[in-house]
Amino acid sequence: MAEPLGDTTVDRAIDRSRMTVGSEEAIRIAAMNKWYGSFHVLRDINMTVFRGERIVVCGPSGSGKSTLIRCINRLEEHQSGRITVDGTELTSDLKNIDRVRSDVGMVFQHFNLFPHLTILENCTLAPIWVRKVPRREAEETAMHFLAKVKIPEQAQKYPGQLSGGQQQRVAIARSLCMKPKIMLFDEPTSALDPEMIKEVLDTMIALAEEGMTMLVVTHEMGFARQVANRVIFMDQGQIVEQNEPGPFFSHPQSERTKLFLSQILRDH
Amino acid sequence: MEESRFVRTEMLAPQAPPLGEIGWIRWLRDNLFSSWLNGALTLLAGAAVVWLAAGIGPWFANAVWNAGSLAECREILAGAEGACFAVIHDRWLQLLFGFYPDTLYWRPTLAFLLLFVALAPALFPAVPRRLLWFTAVYPGLAYLLLWGGTIWGPLVALAGVPVGVAAFLALRPALPLLAPAAGLVAPVLWWLLAAGPVAGLLAAALPWGLAPVGSAKFGGFMLSIIIGITGIAVSLPLGILLALGRKSDLFLVKTICVGFIEFIRGVPLITLLFTASLLLNYFLPPGTDFDIILRVVIMVTLFAAAYMAEVIRGGLAAIPRGQYEAADSLGLDYWKAMRLIVLPQALKVAIPGIVNTFIGLFKDTTLVVFIGLLDPIGLSTAIRANTDWNGIYWELFLFIGAMFFVFCFLMSRYSMHLERRLKTDHR
């Protein structure tokens, strides 16, 4: 079997001791539908994410995978069905939305760092203004996480002075500073050069090793194979197939999945 | 082959560049004589400059600075070409202060000097933040110095700020989205309904204050600066609120803001000024004495705020959607996201447009001449009405123009400094 697209290999052995799936529900989505105008983007989505799960969502572009995870912190509104995050249902209640958002970290394809603030200020802003953490303490936390993503020496620089891979690691650190219970990744490596993809994936693997609940939209099938405990394949706004990575890649059940996998395998 | 092999045995020492490649010779060649055509144009332009200087030079060189009237100037010049700056020498205090009592000139002067103390902490980060409290009380202090009267008027007016803050804090737990609006409405109610009687009672009990000076005596650059600075200071926050309102999802807020902006922008400023001077008197309850300068300041401010709102909306449009999403995903509420993430970037982008509006507003203050206020242009007419100076134009307009230029140029330089200081995106 050929190597899948973007199968960035991680040279070290992954420590699986804390990568355990709990029985507590982190996210529950029930009979959820979403339309853009008259276009039905998400159709009858049902899924449950348990604490500690590492889920990779893949699918062709326009399949609704990004929209799905953006619904989980209400960057997109759903029109029917229910989304419950950490016990809080997402409705139009702004207080609930802000609470869910501060507990759910999000990493974007284009990093979305705040260009007018230094790296350190990017990381301390939300803890100070949302969590009301004292500045000193917020800075200590920020330096801790910046060290974790291996760029503490860049703390006083501005985002524009960093490489794409460094910016994305800062974006991960910025989310972690809010001590989130769940992390969402929306194509975190799609805007990066090949040599920078690895440093970001390494950071994400380290996060998985600490038992973080993660939902990752990505084309990095290597990451899916090594880290995910479940792979979800979406097409035309629907969940077509989900399985553990082993059987998902070796014995895809649906024709669409087979086609999708064969395409990204052939392209490599 | 012999030539394909080479090993350097000694290193070359650096040498001075050829003469034509450095210093002023290089500069001349690059900037003035880079080709035959450019060389010819340089010579032509140089000749034009010399010709203009030869024409204007004597007018300045022969200028008369000491004379009692235009006729006296002409006598001194004895037929030669020359400016009669004696009119500036004679009347400069009037051009600066209008008909303000001359024994009280120290009051507007002090207010003007304190203006810079008040501006410093807002404009330069090197100045200690603690000085901002002075910036906050400055409007009341300046009012007291300029108009005089009891100290209670400005104090009671300043009390509107804590009233607004109290309303904001009281409503925030229950209605977080309405609290900022309440914070704006409460002080307005305070000023309209409570401030007058309260100030009257306090003044009756403790009559402290300065000798009052009526608005009719205000004029000259003092008037331009009062209207200009107040307009600038108030139109920026108002413009920000209007711009945010125009982008709001709330239908009513959006409609009001769009309506306001489009109405004010669609009407000439002079119409608004006539409204301020004539019409408002009909609409206000009889007996209300609504100061003419205050009315003009309000109109000029509203006018500038409408333009400001559109400039700031342009800045807001330059902020990528990802910035809003990142702020949202971190759990920042609307006002925090705006204040901490969106506005700092949007205002930075909008600096040239904002300063453009400021400069326009400051120069538009000369339009108040049409409603009978004596701004510098109005004063120049008044000065010419005196038989001593009948027929003098150039010298007065030159002086007025120079004064406006100094202020506008300073604003422009500051905005360039600010753009450089805030440049952090390394594009």
Side-chain angles (χ1 to χ4, degrees), chain A residues 66 69-70 72-77 92-119 121-132 156-162 170-171 174-180 183-186 191, chain B residues 125 129 169 171-181 240 244 248-251 253 312 315-351 354 418-427:
Chain A
S66 282
I69 72 161
R70 287 159 61 86
I72 293 171
N73 66 353
R74 195 75 171 187
L75 288 182
E76 305 282 354
E77 207 174 306
S92 54
D93 183 339
L94 291 176
K95 265 190 189 146
N96 278 352
I97 294 174
D98 282 339
R99 175 153 10 106
V100 166
R101 281 173 176 170
S102 62
D103 281 343
V104 177
M106 176 120 187
V107 175
F108 300 87
Q109 180 179 358
H110 295 288
F111 332 133
N112 296 351
L113 294 179
F114 305 130
H116 62 301
L117 301 176
T118 63
I119 299 306
E121 287 164 342
N122 263 278
C123 293
T124 57
L125 181 121
I128 290 173
W129 289 92
V130 179
R131 291 251 192 270
K132 313 285 178 207
Q156 297 308 325
K157 288 192 181 168
Y158 286 95
Q161 292 165 294
L162 269 53
V170 171
R174 177 175 73 177
S175 289
L176 292 178
C177 283
M178 287 293 279
K179 310 269 171 71
M183 286 287 285
L184 307 175
F185 293 83
D186 187 2
Chain B
R129 300 284 91 184
L169 291 178
L171 271 184
R172 195 169 57 171
L175 300 159
L177 281 177
L178 280 181
I240 291 173
L244 293 179
S248 167
D249 296 332
L250 305 170
F251 177 74
V253 172
I312 290 167
L316 288 172
I319 307 305
R321 227 166 77 100
Q323 293 289 308
Y324 293 85
E325 289 179 353
D328 284 348
S329 76
L330 288 169
L332 294 166
D333 63 30
Y334 175 81
W335 290 105
K336 279 178 192 151
M338 287 299 143
R339 185 156 63 92
L340 300 168
I341 308 299
V342 176
L343 282 176
Q345 296 182 59
L347 292 180
K348 185 172 79 178
V349 176
I351 287 173
I354 292 174
L418 194 62
E419 277 180 66
R420 272 196 305 275
R421 195 180 84 206
L422 297 180
K423 191 172 164 45
T424 56
D425 52 2
H426 304 275
R427 250 184 272 182

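Quick note on labels: first sequence line is chain A, next is B, and so on, each numbered from 1. These values consider heavy atoms only, across backbone and side chains, with no hydrogens, waters or symmetry-generated copies. These figures come from a predicted structure and were not determined experimentally.
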Quick one: CD1 on Ile319(B) to CZ on Phe114(A), what's the gap to the nearest 0.5 Å? 11.5 Å

Measuring from Arg101(A):CZ to Glu325(B):CD, what's the distance to the nearest 0.5 Å? 9.5 Å

Heaviest contributor of heavy-atom pairs below 4.5 Å to chain B, chosen from Lys157(A), Arg74(A), Arg70(A), Met178(A), is Arg70(A)

Do you know which of Pro320(B), Pro344(B), Gly331(B), Ala327(B) has the most heavy-atom pairs under 4.5 Å to chain A? Gly331(B)

Leu113(A) portion near chain B, given a 4.5 angstrom heavy-atom threshold: backbone

Residue pair Leu332(B) / Asp98(A): nearest heavy atoms and the distance that separates them: O-OD1, 4.1 Å

Non-hydrogen atoms of Leu75(A) and Ser329(B) that approach each other most closely: CD2-N, 4.5 Å

Would you say the side-chain atoms of His116(A) pair up with the backbone N or O of Leu340(B), donor to acceptor, closer than 3.5 Å? yes

Which portion of His110(A) sits near chain B, non-hydrogen atoms under 4.5 angstrom: neither

For Arg129(B), does the CZ atom have more than 12 heavy-atom neighbours from other residues, nucleotides or ligands under 6.0 Å away? yes

Sort Phe108(A) into side chain, backbone, both or neither according to what part of it lies under 4.5 angstrom from a heavy atom of chain B. side chain

Which distance, rounded to the nearest 0.5 Å, do you find between the CG of Asn122(A) and the CD1 of Ile341(B)? 7.5 Å

Against chain B, label Val100(A) side chain, backbone, both or neither, depending on which of its atoms sit under 4.5 Å from a heavy atom there. neither

